[in-house]
Amino acid sequence: MQLVKMAWRNIWRNKVRSLAVMTAVFLGLVAGMYSASLVEGIMQSRFENFIENQISHIQLHHPDFIRDQEVFLTVGGNLDNLQKVREIPGVNKATIRTRVQCMIASASHTGGVELYGIRPNSENETTKFARHLIDGDYLEGESSNGILIGESLAEKLKVGVGSRIVLSYQDKNNDLVSGAFIVRGIFNSGYTRYDEMTAFVFQEYLNDYLGIGEDFHELAILANDINDLENIRAELHQQFPNSVVRTWNEIEPALEVMVTSSGLFSYIFIILIMIGLAFGLLNTMLMAVFERTREIGMLMAVGMSRTKVFILIVLETIFLSLSGAVIGLFSGYLLVAWFAKHGLDLSTFSDVMYELGVDSVIYPYLNTSFPFILAIIVVATALLSAIYPAIKALSLSPIEAIRK
Amino acid sequence: MPVIETNGLYKIYNEDTVPVYAVNNISIQFDPKEFTCVIGPSGSGKSTLLNLIGGLDTPSRGTVTVAGQRIETMSESERIRFRLEHIGFVFQHYNLIPVLTAYENAAFIMQLQARPEEEIRERVTGLLEQVGLGGRFNSRPSELSGGEQQRVAVVRALASKPDFILADEPTANLDTKAAFNLLDMMKQLNEDEGITFLFSTHDQRVIERAGRVVTLVDGALHSDERKS
């Protein structure tokens, strides 16, 4: 208690210097927490967008379809199957798709695209795809030859809503089939490459051309909770024993790397801040020790053990850093909480954000354990910074120190 | 039995090149309750002798026995512990802890010894009042005069009832009135508490009040005079 009292009072002996260090700790932590939460928020936004708009949590295919993408590699199915899938515990939304590689041609351009035959309602429920439409209408009503194409593809083809384009693909028997489609809507998903390479039509209409009846190539599932995926996978294996079921991280391993590395990035950023803080603390505590040479010598002369002198210096360093850290962590938490609720509007950079697959309003996210881990890192930094000044203090000879 | 005893004590600097005898073959004893001052010109070895007796320095040769224990053979940690338990120090520059109040400074050694809080309060309060600082318990050193600071330092040294108190030129930074007050107070405490006081000093006022005067010249014992 005696040491705690002395250490606390000692840090206020030079108020300006101590306040400068505390302010540095405070600003460093606020900036660190906010940056880390922003990165985490961006990554989460990107992750959610990618899951919700594109790959979903789980996909099911014919075992060979992933490699060969042949039309005949289908999974047998009908609307009853889809209904059964929706009844699996943990499944939020589900949709089935037909996928085929095809050539798309307008009067001025020809190119390759991946054509998705979708069930408009269940697709929109699962991927909320209709929200990406920037012109025209979503696929609605009776099955027809309507088609949705990406904005960048439309620009290449030089077509607009109502334009006629021709698609050519192989059917189930590898015969080349062509069909005319009318552009019903133009979308912008935020991923230029995706928009350039993808088009959507009615599944029923496409299946008729391909001759695959009610079969499908892909079943996509959005789960209620990411932790339910293995249970859902097990159920799907029972319902579709001859299919392969993959979770989001198996479909897009890069996405998993992105998710895990975002946390790492946050810690690297924090550690860089802490290294700066460590040198600030080290300098401050060394000055404090050199200024109090006589006093420290006296403490040892009258019988304060070296261990207690060491603890005194360490306590001073911890108090110095924690005083700034407590306020910094609390302020950082409030700042992140405010932006987590109201969002950080980056619509000025919406084009860039769109390209990155991130919403233009970012909601910073902070793992609840992060501030506590941060507090531990601050204390560890303070302990490391205290060692050298404390050793310097212990190396003082009481007689020499008192004479100064 | 003497409270302090040195035998053939030497402190030699540069022993391998040009030896300087800071303390030269001193054998002396100090008995309990003595009020002794060590005098001599600058460089005569007064402070070095006190440092050796106080276990702040180690002799080149000879022995120092304090309260029946040989301290020159102790490790640094043992000597720190020994100083805490057996020796009180009063320094020329007071050396109070600036962030503690007069009461906290006076109680510092007893708290280091982990004495019960009740005992500390009773002892320190009584001594501070006895030396005329009853109203200054909560004053920081910067708010006290030199004389008041040195009185707090004496109470700090005395409160834990050490075997003896070493005071290195305790009046050197005090004006005449403050020095007399301090000396009267120390003499009184010496009589009341029965604690041995050993000073190094140039100050004639201290010498006049001492019961025994030990004179050093060039590190050696020149005279040892006991007043009746």
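In what follows, chains carry the letters A, B, and so on, assigned in the order in which the sequence lines appear, proteins first and then strands, with residues in each chain numbered from 1.
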Got a salt bridge between [X] and [Y], using NZ or NE/NH1/NH2 to carboxylate O under 4.0 Å?
X	Y	answer
B:R61	B:E15	yes
B:E72	B:R70	yes
B:E118	B:R121	yes

I'd like to know if the side chain of [X] and the backbone of [Y] have a donor-acceptor N/O pair within less than 3.5 Å.
X	Y	value
B:T196	B:K33	yes
B:S75	B:E78	yes
B:E129	B:G126	no
B:E5	B:V64	no

By a 4.5 Å heavy-atom criterion (distance strictly below it), what part of [X] contacts chain A: side chain, backbone, both, or neither?
X	result
B:I109	side chain
B:F108	both
B:E85	neither
B:E76	side chain

*What residues of residues 2-22 of chain A sit under 4.5 Å from chain B when only non-hydrogen atoms are counted?*
A:Q2, A:K5, A:M6, A:R9, A:N10, A:R13
*Pull out the residues in residues 304-333 of chain A that come under 4.5 Å of chain B, heavy atom to heavy atom, sorted by number.*
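At a heavy-atom separation under 4.5 Å, chain B is reached by A:M304, A:S305, A:R306, A:K308.
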_Applying side-chain hydrogen bond (donor to acceptor under 3.5 Å, both in side chains) to B:E34 and B:N190, what does each step give before you reach the verdict?_
CA-CA 8 Å; B:E34 279 191 335; B:N190 167 248; over 6 Å; no
_NZ (B:K187) with more than 12 external heavy atoms under 6.0 Å_ =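 Yes, NZ of B:K187 has more than 12 neighbouring heavy atoms, counting only those of other groups under 6.0 Å.
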*Heavy-atom count around A:F265 CZ within 6.0 Å, excluding the residue itself: above 12?*
no
*Within the 6.0 Å centroid threshold, strictly below: A:F370 and A:Y267*: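 Here the rings of A:Y267 and A:F370 have centres that are less than 6.0 Å from each other.
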*Of all residues at least two apart in sequence or in a different chain, which pass the side-chain hydrogen bond (donor to acceptor under 3.5 Å, both in side chains) check with A:S369?*
A:N367
*Give me the contact list for residues 144-165 of chain B versus chain A, heavy atoms only, anything under 4.5 Å, ordered by residue number.*
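At a heavy-atom separation under 4.5 Å, chain A is reached by B:R156.
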*Heavy-atom distance under 4.5 Å between the side chains of B:T65 and B:I71, does that happen here?*
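No, every pair of side-chain atoms sits at 4.5 Å or beyond.
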_Could you check whether any side-chain heavy atom of B:L52 comes within less than 4.5 Å of a side-chain heavy atom of B:T6, counting everything from C-beta outward?_
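No, too far: nothing below the 4.5 Å cut-off.
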*Can you label the angle between the B:Y10 ring and the B:Y21 ring as parallel, tilted or perpendicular, going by 30° and 60°?*
perpendicular
